[in-house]
**Q** 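Let me give you the structure first, and then I'll get to my questions.
Just so it is clear, the values below take in all heavy atoms, side chains as well, and ignore hydrogens, waters and symmetry mates.
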Amino acid sequence: MYMIKKYSQLTQLDKIKLFIALGAILTIIIGAINHFVYAWTGRNAFIGLFVATNESIWEHIKLALLPMFVIFLVGGFLFSKKVNNYFLAVFCALSVTVLFIIFAFMGYTVFTRKSILPLDITIFILAIVFGYLTAYRIFFMPKYKWLNYAAILGILVIVVLFLTCTYHAPDFFLFQELYVK
């Protein structure tokens, strides 16, 4: 019979795998809930910094980024000294998630000329899973100290961009509301 080990009995590798799996699951759940938070809070401008405020691609990317960022922030206290490239892994995970959402959504809507909700949800889930798997792989690459420092700057740039562009969006297709039906 299969028995679940106590957390204290898990190896460090098992704990990291658990962190990645739970992180992906929590990101998917919290991201899905965050789709509705802006409306639930009466369109609160402060809340809008962190959750989707409209139907643009940019705003929907925030549904994945906020939970990922918070989960990786917590994970940093637990694992940053136990893996080789924590900050590089976080930067790459966030980047893979963002790029996958953009290219997958744009890729299929070029052909369909409309948004298909089940496909959008699948893209959202896959982007998160690919992001976390990317982080897991990078955790165990040889250590690149300088890339980790550069990644911290990259993470800060991503966070500032997402906070700034919510209310000061450039005139670019990623920021335009899509009512693709």
Side-chain angles (χ1 to χ4, degrees), residues 19 22-78 80 86-110 112-132 134-135 149-181:
F19 168 72
L22 289 177
I25 291 166
L26 284 172
T27 300
I28 291 165
I29 293 168
I30 294 167
I33 292 168
N34 281 351
H35 190 277
F36 307 101
V37 170
Y38 185 64
W40 291 345
T41 61
R43 303 174 102 57
N44 181 291
F46 178 74
I47 298 298
L49 290 171
F50 306 104
V51 299
T53 60
N54 64 41
E55 293 299 319
S56 69
I57 296 169
W58 185 262
E59 290 297 307
H60 279 73
I61 291 169
K62 287 180 2 186
L63 299 177
L65 285 189
L66 173 68
M68 282 182 88
F69 179 76
V70 171
I71 289 165
F72 278 123
L73 190 63
V74 171
F77 292 106
L78 301 171
S80 66
Y86 193 80
F87 297 105
L88 178 60
V90 171
F91 174 73
C92 290
L94 296 174
S95 299
V96 163
T97 301
V98 168
L99 293 172
F100 186 85
I101 289 171
I102 292 169
F103 288 115
F105 180 80
M106 296 305 295
Y108 94 79
T109 56
V110 162
T112 64
R113 300 276 188 231
K114 64 179 183 175
S115 177
I116 302 168
L117 184 60
L119 202 46
D120 294 344
I121 293 168
T122 301
I123 288 169
F124 176 73
I125 292 168
L126 287 175
I128 292 166
V129 169
F130 291 155
Y132 277 97
T134 298
Y149 290 126
I152 292 170
L153 180 61
I155 294 165
L156 292 174
V157 167
I158 290 171
V159 170
V160 168
L161 275 174
F162 275 87
L163 293 176
T164 304
C165 290
T166 292
Y167 294 115
H168 303 287
D171 186 22
F172 189 63
F173 75 94
L174 290 178
F175 303 94
Q176 297 169 353
E177 267 197 86
L178 298 174
Y179 292 106
V180 185
K181 300 271 182 204

**Q** Do the non-hydrogen side-chain atoms of Tyr108 and Ser115 ever get within less than 4.5 Å of each other?
**A** yes

**Q** Check the pair Phe50 / Leu163 against side chain to side chain contact (heavy atoms under 4.5 Å, CB included), numbers first and verdict last.
**A** CA-CA 7 Å; Phe50 306 104; Leu163 293 176; 3.7 Å; yes

**Q** Working to the nearest 0.5 angstrom, can you tell me the gap between Leu66 CG and Ile61 CD1?
**A** 14.0 Å

**Q** Do Asp171 and Gln176 come close enough that some side-chain heavy atom pair is under 4.5 Å?
**A**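 A side-chain contact under 4.5 Å exists here.
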
**Q** Checking Tyr38 side chain against Val51 main chain: does a donor-acceptor pair fall under 3.5 Å?
**A** no

**Q** Would you check, one step at a time, whether the test side chain to side chain contact (heavy atoms under 4.5 Å, CB included) holds for Ile155 with Phe69?
**A** CA-CA 9 Å; Ile155 294 165; Phe69 179 76; 3.7 Å; yes

**Q** Are any of the side-chain heavy atoms of Leu49 and Tyr167 separated by less than 4.5 Å?
**A**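 Yes, at least one pair of side-chain atoms sits under 4.5 Å.
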
**Q** In a check of ring pair (Phe, Tyr, Trp, His ring centres under 6.0 Å) between Phe72 and each of Phe77, Tyr132, Phe87, which one passes?
**A** Tyr132

**Q** Step by step, work out the side chain to side chain contact (heavy atoms under 4.5 Å, CB included) result for Leu161 and Trp58.
**A** CA-CA 10 Å; Leu161 275 174; Trp58 185 262; 4.3 Å; yes

**Q** Which heavy atom of Phe124 sits nearest to which heavy atom of Thr27, and what is that distance?
**A**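 The pair with the smallest heavy-atom distance is CZ-O, 4.3 Å.
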
**Q** Has Thr166 got a side-chain atom pairing as donor or acceptor with Phe162's backbone, closer than 3.5 angstrom?
**A**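 Yes; at least one donor-acceptor contact below 3.5 Å.
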
**Q** Rounded at 0.5 Å granularity, tell me how far CD1 in Ile102 sits from CG in Leu174.
**A** 4.5 Å

**Q** Taking all heavy atoms of Ile101 and all of Ala127, pick out the closest pair and write down the distance.
**A**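 So the minimum-distance heavy-atom pair works out to CG1-CB, 3.5 Å.
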
**Q** Checking Asn44 now: which residues fulfil side-chain hydrogen bond (donor to acceptor under 3.5 Å, both in side chains) with it, not counting sequence neighbours?
**A**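 None.
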
**Q** Does Ile128 offer a backbone N or O that forms a donor-acceptor pair with the side chain of Thr97 under 3.5 Å?
**A**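 Answer holds: no.
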
**Q** Using side chain to side chain contact (heavy atoms under 4.5 Å, CB included), reason through Ile158 and Phe91 one step at a time and then give a plain yes or no.
**A** CA-CA 9 Å; Ile158 290 171; Phe91 174 73; 3.7 Å; yes

**Q** Going through the checks in order, is the ring pair (Phe, Tyr, Trp, His ring centres under 6.0 Å) test met by Phe103 and Phe100?
**A** CA-CA 5 Å; Phe103 288 115; Phe100 186 85; 9.4 Å; no

**Q** Test Pro67 against every option in Ile33, Ile28, Asn34 by the side chain to side chain contact (heavy atoms under 4.5 Å, CB included) rule and name the one that passes.
**A**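 It is Asn34; the other options fail the test.
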
**Q** For the residue pair Glu59 and Gly48, what are the closest heavy atoms and their distance?
**A**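 Closest approach of Glu59 to Gly48, heavy atoms only: OE1-O, 4.3 Å.
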
**Q** What's the shortest heavy-atom distance between Ala135 and Ala89, and which atoms?
**A**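 Closest approach of Ala135 to Ala89: O-CB, 3.5 Å.
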
**Q** I'd like to check His35 versus His60 (side-chain heavy atoms, cut-off strictly below 4.5 Å). Are they in contact?
**A** yes

**Q** Could you check if a side-chain atom of Thr134 sits within less than 4.5 angstrom of a side-chain atom of Ser95, using non-hydrogen atoms only?
**A**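 The answer is no, as the side chains (C-beta and beyond) never meet within the 4.5 Å cut-off.
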
**Q** Give the minimum heavy-atom separation between Gly131 and Ala93, together with the two atoms involved.
**A** O-CB, 3.1 Å

